[in-house]
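This report refers to the structure that appears directly beneath it.
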Amino acid sequence: MIDDWEPFYAATADSPVRALCLEAIETAGDARGRLAVDLGAGAGRETAALLAAGWRVLALDGAPGAHLRIEASVAPRDRDRLTVTEQSFGSLDRLPQAGLVYAGYALPFQRAEVFARTWALIRAALEPGALLAVNLFGPRDTWAADPAITTHTTGEARALLAGLEILTVREEEREGHAVGGPKHWHVLDLVARA
Ligand SMILES: C[S@@+](CC[C@H](N)C(=O)[O-])C[C@H]1O[C@@H](n2cnc3c(N)ncnc32)[C@H](O)[C@@H]1O
């Protein structure tokens, strides 16, 4: 549904690191050189924060230019711990074993059947004790009717976390803006431990 993410990157260039990512870094504990996966890494702001916290990071994003964009946001001293993959969720067939999987405002942007496959790969990537922190969209989000978007009720979100230790299921609704104009946001924050 969104073909060009450049206006989003420009509009959020000065935004702070997402609170959910900071919560994930805090909760996951000592990185000890473990791997974090940042799915839909965008302009790389959260990737940079994960690297600064000591993680090795695989940053994955489907938008053209991901390598240059994400590498540019990362401190030179951290770049040897960064791998960037420019790939859409729909073409993924595996994810590496990881101690942290983070996805900020990214996973809803795929059709339901693709989401189901991506979610299975995410679950399979979680090492014992790994932390999972993701945003999903709820069914009252303005974009919910778009078939290219997948939404979840809190009950459905909890079902996705079955077998994990659920640390947070937070639901937020607010009137706000996206790059395209005003919209109603219905966002779920999920944090869980494998
Ligand atoms: C709203 S931005 C979020 C970026 C960043 N995680 C943040 O929180 O600001 C969504 C990002 O996910 C990526 N994305 C969206 N759908 C995707 C898909 N199906 N496969 C791979 N990346 C996707 C976009 O390219 C974009 O960079």
Side-chain angles (χ1 to χ4, degrees), residues 1-25 36-53 55 57-74 82-96 98 100-122 125 131-138 141-144 146-152 170 172 174 176-191:
M1 58 135 340
I2 297 176
D3 296 325
D4 179 9
W5 287 97
E6 288 299 334
F8 169 82
Y9 304 141
T12 57
D14 296 326
S15 299
V17 175
R18 298 243 188 227
L20 181 64
C21 182
L22 295 176
E23 185 178 340
I25 289 170
V37 178
D38 183 358
L39 293 169
R45 194 179 49 231
E46 284 70 34
T47 288
L50 288 160
L51 287 163
W55 293 87
V57 179
L58 169 62
L60 183 142
D61 199 283
H67 284 90
L68 284 178
R69 197 172 55 246
I70 294 170
E71 280 161 15
S73 74
V74 165
L82 170 68
T83 305
V84 179
T85 303
E86 190 173 309
Q87 195 174 5
S88 72
F89 300 141
S91 67
L92 276 177
D93 54 16
R94 67 174 290 278
L95 287 170
L100 197 169
V101 176
Y102 170 76
Y105 287 78
L107 294 180
F109 296 100
Q110 48 187 336
R111 307 180 77 87
E113 65 275 17
V114 180
F115 180 97
R117 276 209 318 273
T118 306
W119 191 259
L121 296 177
I122 290 172
L131 198 80
L132 174 65
V134 303
N135 300 118
L136 300 179
F137 290 165
D141 194 276
T142 299
W143 291 335
D146 187 326
I149 299 267
T150 300
T151 61
H152 295 85
R170 207 168 28 231
E172 188 198 1
R174 60 189 151 84
H177 284 80
V179 171
K183 77 176 283 269
H184 182 77
W185 289 98
H186 185 188
V187 179
L188 311 182
D189 292 350
L190 310 182
V191 183

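Just so you know, these numbers use all the heavy atoms, side chains as well, and skip hydrogens, waters and symmetry mates. First listed ligand is number 1; within each ligand, the first listed atom is number 1.
Between Gly104 and ligand 1, a contact under 3.5 Å exists for at least one N or O pair. For the pair Gly40 and ligand 1, the shortest N or O to N or O distance falls below 3.5 Å. Considering both main-chain and side-chain atoms, Phe109 comes within under 3.5 Å of ligand 1 through a nitrogen or oxygen pair. Geometrically, ligand 1 and Arg45 share a nitrogen or oxygen pair separated by less than 3.5 Å.
At the top of the distance list for atom 8 (O) of ligand 1, counting protein heavy atoms only, stands Arg18 NE, 2.6 Å. Here the protein heavy atom with the shortest distance to atom 13 (C) of ligand 1 is Asp61 OD2, 3.3 Å.
Close approach of ligand 1 to Gln87 is summarised as follows: ligand atoms under 4.0 Å from at least one heavy atom of the residue are 21 (C). The distance from ligand 1 to the heavy atoms of Ala106 drops below 4.0 Å at these ligand atoms: 12 (O). For ligand 1 and Gly42, the ligand atoms under 4.0 Å from any heavy atom of the residue are 4 (C), 27 (O). Here is the list of ligand 1 atoms found below 4.0 Å of a heavy atom in Ala63: 25 (O).
Compare Phe89, Tyr9, Phe8, Tyr102 by their heavy atoms: the one nearest to atom 2 (S) of ligand 1 is in Phe8. Nearest residue to atom 21 (C) of ligand 1 from Ala59, Ser15, Gly62 is Gly62 (criterion: closest heavy atom).
The pair Asp93-Arg117 fails the salt-bridge criterion, with no side-chain N (NZ, NE, NH1 or NH2) lying under 4.0 Å from an Asp/Glu carboxylate O. A salt bridge is absent between Arg170 and Glu172: the closest approach of a Lys/Arg side-chain nitrogen to an acidic carboxylate oxygen does not fall below 4.0 angstrom.
Scanning both residues, Gly42 and Ile70, for their nearest heavy atoms gives O-CG1, 3.5 Å.
A side-chain donor-acceptor contact under 3.5 Å links Glu86 to the backbone of Gly65.
Residue Thr47 forms a side-chain contact (heavy atoms from CB on, under 4.5 Å) with just one option from Val57, Val37, Val17, Val84, and that option is Val57.
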